Amino acid sequence: MPHSSTMAEERLFPSALSHKTSFATIKTKTLKDDGRRHKHEVLETIGEGPGQVAPMGAFEVPVSKRLLQVALAVMYCLLSAGIVFGYAALKPILVAEGVYRDLCTPDEELEGVHVCYQQELRLNFMFTVAAVSTNVCALLVGTILDQWGPRVAGIIGSVFIGLGCAGMGLSKHIHFIDPYPVSYLFLAVGGPFVFIPSFHLANAFPRHSGLILSMLTGAFDSSPAIFLLYRMLYERFARISLEQWFLSYLIVPIFILLVQIFIMPAQSYKTASELAQQASVAQGIVDRQNEYLASHDSDLVRERQEHESMVSEIDALLGGPEGDQKRIEGVREKRKAAGVWGVMHGKPVQKQLTSFWFWGIAGFTIIQMTRINYFLATIRPQYEFLLHSYREAVKINHLFDIALPLGGLAAIPFIGVILDSLSTLAVLSILVTVATIIGILGLIECSHVAAYINILLFVLYRPFYYTVVSDYCAKVFGVATFGKVYGAVICLAGLFNFSQAGLDAMTYKLFGGDPRPTNLILLGAAATVGVALILFVRAKGRKQRKNLLKEEARQVRERGETQSLWPEGSGYGAV
């Protein structure tokens, strides 16, 4: 086999072969045929740094175990991933339990206010710290995930959640620090350590990856219902104290810890694209090894059988060569339609992070996440002012507590259809349009209809927004740097959420409790950045589509070189 063919294979298929062996092993075999020696390299992607845990193919794990892993991941994400965002349901319990009531002035006590000013600020600060930490730690989670794998990250998450439950449960016995923000911080940080490492399970069944990702996202968005359940039990039955509830809830982090140790994989699953490349290289090797069967080399025969088995198993996992070819053609069509798919793939991460592709989505995410978390923390006082009734505000709050987790579940099929069928430009346009409508509805006074429509749109928009941001980062920047880019976006958004304390002070001190000026400022900022991002993507998309035509012409010229590796139409060798 000419050495030039090996080098061409290395350039065309940079992914690795691995079957019951390490993904980061370069295996060089010497083949003998009539006394002549031939070398051939089995190619693969090498980890970017020491300590990285290389991914594995889902076909290496039994189907039943993969099904169990997905089911358990959905379960523990539902019980822990985003429970801190159920703060609107937990806050009335904290008020009823007298948390921070000692900060109220004598005049406020005489007036009989439901929540005094300093108490409101401290309770909101508790949620702000949690919301910021949830987002900031995403970058840390991505780093740990790359270096030590999903199991280690999940174990760390279970420990943080356990500390949070213990701190909230024993809060009345802790006097050397303020236990509430610290404990809620632990609960918040534990969520991403459990949720983000679960993303790779979408590759456990590549043909159903969208459904699995939607289930995991839906579980995250529905997890705030845990505190809603607590509030319902607290109000309808004998009051269940914070100590009783959170100490009993310690069973959840213990469950997560055991699942991570005994059931979850230590390595992430390869994506469908990586599997297809792996099968392509394996098929090419099988074709070339057929030339050497006459040597009766037992090692060569055994390796050939191993590669054939690998191709067969990947074939079944991806739906066969025809199914995989349709998937590849679908990706090509999506690239032509979207115009931005892969525009920053393969670029150095420093260049990616300094482009407007990054700062456009980061700016929009910063503003939107601030709006979302500000609304979550202040929904009751906002509608108390807008509807001029505390009782009506409580009704809106109760409806929101129920609708928030249900919205995460209801949005699952719609999110999948939108992301799979529309271009990136169209998806971003929907995102910005709905965000603008929600902002306008939040300015309307004395209208129950506007309030209910706002709640409905908000609970559907929130999971859509989070999913679109991750989808955008994957499509534009690629899988190789997804963790760093997505983590940086969420981290920046989290840091900016510290501005919520300033928004609270501005609303109460500057505008006398009127939330509309604050909402109007956030609305204007979001609309400005959102429109700028849409215009940028539209302009770059047109340019990218022209580049795709040039790329297809180049591939046609190089096709002769690839045919020297694998005959046309030989299954995955033709991919």
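It should be emphasised that the depicted structure is a prediction, and the values quoted were computed from it without experimental measurement.
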Undergrad: Is any side-chain heavy atom of Val182 closer than 4.5 Å to a side-chain heavy atom of Leu163?
TA: no
Undergrad: Apply the test side chain to side chain contact (heavy atoms under 4.5 Å, CB included) to residues Leu387 and Cys446: give CA-CA distance (whole Å), side-chain angles for both, the deciding distance (0.1 Å), then the verdict.
TA: CA-CA 5 Å; Leu387 300 179; Cys446 300; 5.8 Å; no
Undergrad: Hey, are Thr507 and Tyr374 close enough side-chain-wise for a donor-acceptor pair under 3.5 Å?
TA: yes
Undergrad: Are the side chains of Met168 and Pro179 in contact, using a 4.5 Å heavy-atom criterion?
TA: no
Undergrad: What closest approach, in Å, do Val70 and Leu201 show between heavy atoms, and which atom pair accounts for it?
TA: CG2-O, 4.1 Å
Undergrad: Just by distance, no angles: are the side chains of Glu97 and Tyr234 close enough, under 3.5 Å, to form a donor-acceptor pair?
TA: yes
Undergrad: Just wondering, more than 12 heavy atoms not from Phe496 lying within 6.0 Å of its CZ?
TA: no
Undergrad: What's the spacing between Leu399 CG and Leu456 CG if we round to 0.5 Å?
TA: 9.0 Å
Undergrad: Is the closest side-chain heavy-atom distance between Phe364 and Val468 below 4.5 Å?
TA: no
Undergrad: Is it true that the SG atoms of Cys116 and Cys104 are less than 2.5 Å apart?
TA: yes
Undergrad: CG/Leu425 to CZ/Arg538 distance, rounded to the nearest 0.5 angstrom?
TA: 7.5 Å
Undergrad: If you take the centroid of each ring, where Trp contributes its six-membered ring, are Phe458 and Phe375 closer together than 6.0 Å?
TA: yes
Undergrad: Compute both the distance and the angle, then confirm whether Arg462 meets the cation-pi test with Phe85: under 6.0 Å from the six-membered ring centre, within 45 degrees of the axis.
TA: yes
Undergrad: Start with the C-alpha gap between Glu384 and Arg380, add the side-chain angles, then the distance that decides, and say whether salt bridge (charged side-chain N to carboxylate O under 4.0 Å, His left out) holds.
TA: CA-CA 6 Å; Glu384 183 178 356; Arg380 184 174 293 189; over 6 Å; no
Undergrad: What closest approach, in Å, do Gly442 and Leu386 show between heavy atoms, and which atom pair accounts for it?
TA: O-CD1, 3.7 Å
Undergrad: Would you say the side chain of Ile226 lies within less than 4.5 Å of the side chain of Trp245, judging by non-hydrogen atoms?
TA: yes
Undergrad: For the residue pair Phe199 and Phe195, categorise the inter-ring angle as parallel (less than 30°), tilted (30 to 60°) or perpendicular (more than 60°).
TA: perpendicular
Undergrad: Does the Ser223 side chain pair with the main chain of Phe220, one donor and one acceptor, at a distance under 3.5 Å?
TA: yes
Undergrad: Given side chain to side chain contact (heavy atoms under 4.5 Å, CB included), test Gln119 with Leu123 step by step and report yes or no.
TA: CA-CA 6 Å; Gln119 185 183 19; Leu123 289 172; 4.0 Å; yes
Undergrad: Okay, side chain of Tyr383, backbone of Ser389: is any donor-acceptor separation there less than 3.5 Å?
TA: no
Undergrad: Atom CZ in Phe400, atom CD1 in Ile379: separation rounded to 0.5 Å?
TA: 4.5 Å
Undergrad: So Trp359 and Leu533, do their side chains get closer than 4.5 Å, heavy atoms only?
TA: no
Undergrad: Any idea how Phe127 and Tyr87 line up, ring-wise: parallel (<30°), tilted (30 to 60°), or perpendicular (>60°)?
TA: parallel
Undergrad: Would you say Thr378's side chain and Pro381's backbone share a donor-acceptor pair under 3.5 angstrom?
TA: no
Undergrad: Between Leu353 and Ala488, what is the shortest heavy-atom contact and its length?
TA: CD2-CB, 4.3 Å
Undergrad: Closer than 3.5 angstrom, by distance alone: can the side chain of Gln368 be matched with the main-chain N or O of Ala526 as a donor-acceptor pair?
TA: no
Undergrad: With the side chain counted from C-beta on, respond yes when Leu145 and Pro150 share a heavy-atom pair under 4.5 Å apart, and no when they do not.
TA: yes
Undergrad: Shortest non-hydrogen contact from Ala88 to Leu376?
TA: CB-O, 3.8 Å
Undergrad: So which atom in Ile367 and which in Leu522 form the shortest heavy-atom distance, rounded to 0.1 Å?
TA: CG2-O, 3.7 Å
Undergrad: Taking the side chain as every heavy atom from C-beta outward, state whether Ser183 and Ser171 have any atom pair closer than 4.5 Å.
TA: no
Undergrad: For Tyr100 and Asp178, does a side-chain donor sit closer than 3.5 Å to a side-chain acceptor?
TA: yes
Undergrad: Is it the case that Lys91 places NZ or CZ above or below the six-membered ring of Phe227, under 6.0 angstrom from the centre and within 45 degrees of the axis?
TA: no
Undergrad: Within a strict 4.5 Å, meaning less than it, do heavy atoms of the Val141 and Pro197 side chains meet?
TA: yes
Undergrad: Can you tell me how the ring of Phe186 sits relative to the ring of Phe160, calling it parallel under 30°, perpendicular over 60° and tilted otherwise?
TA: parallel
Undergrad: What distance separates Arg371 CZ from Ile521 CD1, expressed to the nearest 0.5 Å?
TA: 12.5 Å
Undergrad: Examine distances only and state if a side-chain atom of Ser222 and a backbone atom of Ala219 form a donor-acceptor pair shorter than 3.5 Å.
TA: no
Undergrad: Within a reach of under 6.0 Å around OH of Tyr461, are more than 12 heavy atoms found that belong to other residues, nucleotides or ligands?
TA: yes
Undergrad: Yes or no on side chain to side chain contact (heavy atoms under 4.5 Å, CB included) for Met369 and Ile490, after CA distance, side-chain angles and deciding distance?
TA: CA-CA 9 Å; Met369 193 171 290; Ile490 301 301; 4.0 Å; yes
Undergrad: Which pair of non-hydrogen atoms, one from Gly82 and one from Pro224, has the smallest distance, and what is that distance?
TA: O-CG, 3.6 Å
Undergrad: Out of curiosity, Ile83 CD1 to Leu229 CG, how far, rounded to the nearest 0.5 Å?
TA: 12.0 Å
Undergrad: Between OG1 of Thr128 and CG of Leu121, what distance do you get to the nearest 0.5 Å?
TA: 10.0 Å
Undergrad: Donor-acceptor pair, Tyr465 side chain versus Thr365 backbone, under 3.5 Å?
TA: yes
Undergrad: Step by step, work out the side chain to side chain contact (heavy atoms under 4.5 Å, CB included) result for Glu392 and Ile396.
TA: CA-CA 6 Å; Glu392 293 300 321; Ile396 293 293; 5.6 Å; no
Undergrad: Donor-acceptor pair, Tyr184 side chain versus Val84 backbone, under 3.5 Å?
TA: yes
Undergrad: Quick check: does any side chain N or O of Ser355 sit under 3.5 Å from a backbone N or O of Gln352, one acting as donor and the other as acceptor?
TA: yes
Undergrad: Scan side-chain atoms only and decide if Gln382 and Asn519 contain a donor-acceptor pair under the 3.5 Å cut-off.
TA: yes
